Amino acid sequence: MSNISINNGLSAFFENPFGHLSRLLKSLLIPLIGLLAFLLIWEIGAKSIHTSLGVFPGPAAVYEQSLNLVDEHNRERDKELAFYERQEKRNAKKLEKTPDAVIKVRPYTGKPTFFDQIGTSLITVMTGFILASMIAIPAGIVIGLNSTLYAAFNPLIQLFKPVSPLAWLPLVTMVVSAVYVSKDPMFAKSFVTSLITVSLCSLWPTLLNTAVGVSGISKDLQNVSQVLRLNWFTHVIKIVLPSAIPMIFTGLRLSLGIAWMVLIAAEMLAQNPGLGKFVWDEFQNGSSSSLGRIMVAVLVIGLIGFLLDRCMLFLQRKVSWDKSAVLR
Amino acid sequence: MSQPPKHLELTQVDIDFPTPNGPFKALQDVNLTFNKGEFVSLIGHSGCGKSTVLNIVAGLYQATKGGCLLDGKEVNEPGPERAVVFQNHSLLPWLTAYENVELAVKQVFGRSKSRAEMREWIEHNLSLVHMDHAMDKRPDEISGGMKQRVGIARALAMEPTVMLMDEPFGALDALTRAHLQDSLMEIQKDLNNTVIMITHDVDEAVLLSDRIVMMTNGPAATVGDILHIDLPRPRDRLALADNPQYNHYRHQVLTFLYEKQRKTEASPEVKQTTAELKVAPDTTQPEPKPEQKVKAA
Ligand SMILES: Nc1ncnc2c1ncn2[C@@H]1O[C@H](COP(=O)(O)OP(=O)(O)OP(=O)(O)O)[C@@H](O)[C@H]1O
Ligand SMILES: [Mg+2]
């Protein structure tokens, strides 16, 4: 397929080089012009905004801060490496003196860098999203297959869907601190709180879309299933799930987008380590470079959100049986 | 009492569909019996209730009154011993031709056949409809006729006692259709299962059937007439074209459809009114529209 289209493209190029060139212009040059225009307006606009923390950062300042963040990260890594080296040496000496000495390896407790925060955020969002999907897809299938259940749950779903994470958060925090008590918790409370808030907010699109996809399976295929007397499980695996896959993925992509947005807010308020906390800390810091650093975070948050969606799209392409469908 | 039980029997079947304006009686007093190995066609105007009859035998619809017996047992749910070839093939689009047939075969022979036997059986059935070369293609990669053939293979592979076919060749071109009709006759001769087929095509009905059931128009449709086709088998479409007996049967079906059961009762009136309108204008202006004429009067 792709071969053919490349050939077509080439022959089209030779037949009509200008048409081809104009298409290339459109697909590359125009977005580039858009980007440059945006940077220009940003630069000019930023200069005229004076905040208590100085001038609003323009593109150049933001670029500088991003380099700073990378530097800080590298420095922190070096420190960590040095710390472990020192510890190892000390332990080796100890072992030389008394071979049966008990050796303790203390973990490094430096300040997490910007990139550590990104990693934490990604882990939290994926855990929350996977938890939400593991609840929403099976629940959506059950609700979608049974019109009575659908009628019973639909109003509830519609009610909870638009609730903002900020409204859930205090409740979740209180419930987590009341219920999640253990001497040696596997996860930090703030992590559990953010996780549950993310799940609660991102559950609904997957649930609803799965239910709609499942209930919309064609009468013909249902008849086939009945004539074959497929049992419930086979019916779901062989007929319901594949025909609902496109809708399920629509839901998953919406959910992941919401999960990512909610996570930043949850991290800010629950003080869970992550990008949200980074933004909050910079805000509290109030140094002259804070706004620039926050702006870097904003751009990175946007970029990661975009990449997460692309990943889902890629997954959908892998899983989808209908290769001819246009996915975007 | 002393009569032996019929193979397949519909007795006094009525069916009411619930609609917003009360129940709609689609079928009334349908009585039909089928012998084992018989090929029966159902013919009638669109919307008269042919698919409904088929769906009752399939167990997909429940008769409101009366019922359906297969070998003495009441039919009240669908099952693979009454395989259906659906009008629009109804293959699962995410499975290949092979997998589509496999799903049915596993369901029916999952316990009695080994893996290798099942594989052989699936391939055998696909080759019966000449689809063995495209086994690994998905439905969107094959033509309409090929999809229909896979649908037939899937039904055959279930080794059904009764094969129910809802306009199986309706959407096909004449050549493919002729080819599939010939294959169907061959396969049915070998397997000797009962076939009930819905068709709109008079030639197809006469060529394939032992009996043609002609249905009256709905609502409350019923069996209008039954025509026995006593033509020797195997039947050859070319030889039959000049056969007076064959043409006589064709003529009888056509007479039933276009004289005894004209499509709608309203149509003769419509024809008359248009005729009057055409006559009227020549006294007045060249071509006035009907509404204008009414206003002027
Ligand atoms: N599920 C249903 N609910 C309500 N009415 C129905 C239903 N199924 C069929 N009918 C009605 O019953 C009548 C017979 O329908 P049926 O589909 O059996 O016709 P048909 O003879 O198969 O027509 P065609 O040749 O066009 O396929 C029609 O008037 C149709 O509107
Ligand atoms: Mg029909």
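Chain naming here is simple, since letters A, B, ... match the order of the sequence lines and numbering starts at 1 in each. Everything quoted here is computed from the prediction, not taken from an experiment. These numbers come from the heavy atoms of this one structure, side chains and all, not from hydrogens, waters or symmetry mates.
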With a cut-off of 6.0 Å (strictly less than), are more than 12 heavy atoms of other residues, nucleotides or ligands near [atom1] of [X]?
X      : atom1 : value
B:F24  : CZ    : yes
A:K161 : NZ    : no
A:F153 : CZ    : no

Heavy-atom closest contact ([X] atom, [Y] atom, distance):
X      : Y      : result
B:S90  : A:D220 : OG-CB, 3.2 Å
B:L91  : A:L221 : O-CD2, 3.8 Å
A:Q226 : B:P78  : O-CB, 3.5 Å

Is any residue of residues 99-132 of chain B within less than 4.5 Å of chain A by heavy atoms, and which ones? B:L103, B:A104, B:Q107
Non-hydrogen atoms of chain B under 4.5 Å away: do they reach the side chain of A:L230, the backbone, both or neither? both
Under 4.5 Å from a heavy atom of chain B, the part of A:S243 involved: both
If we only count heavy atoms from C-beta on, is the A:I245 to B:W94 side-chain gap below 4.5 Å? no
Quick one: what part of B:N55 sits under 4.5 Å from any heavy atom of chain A, side chain, backbone, both or neither? neither
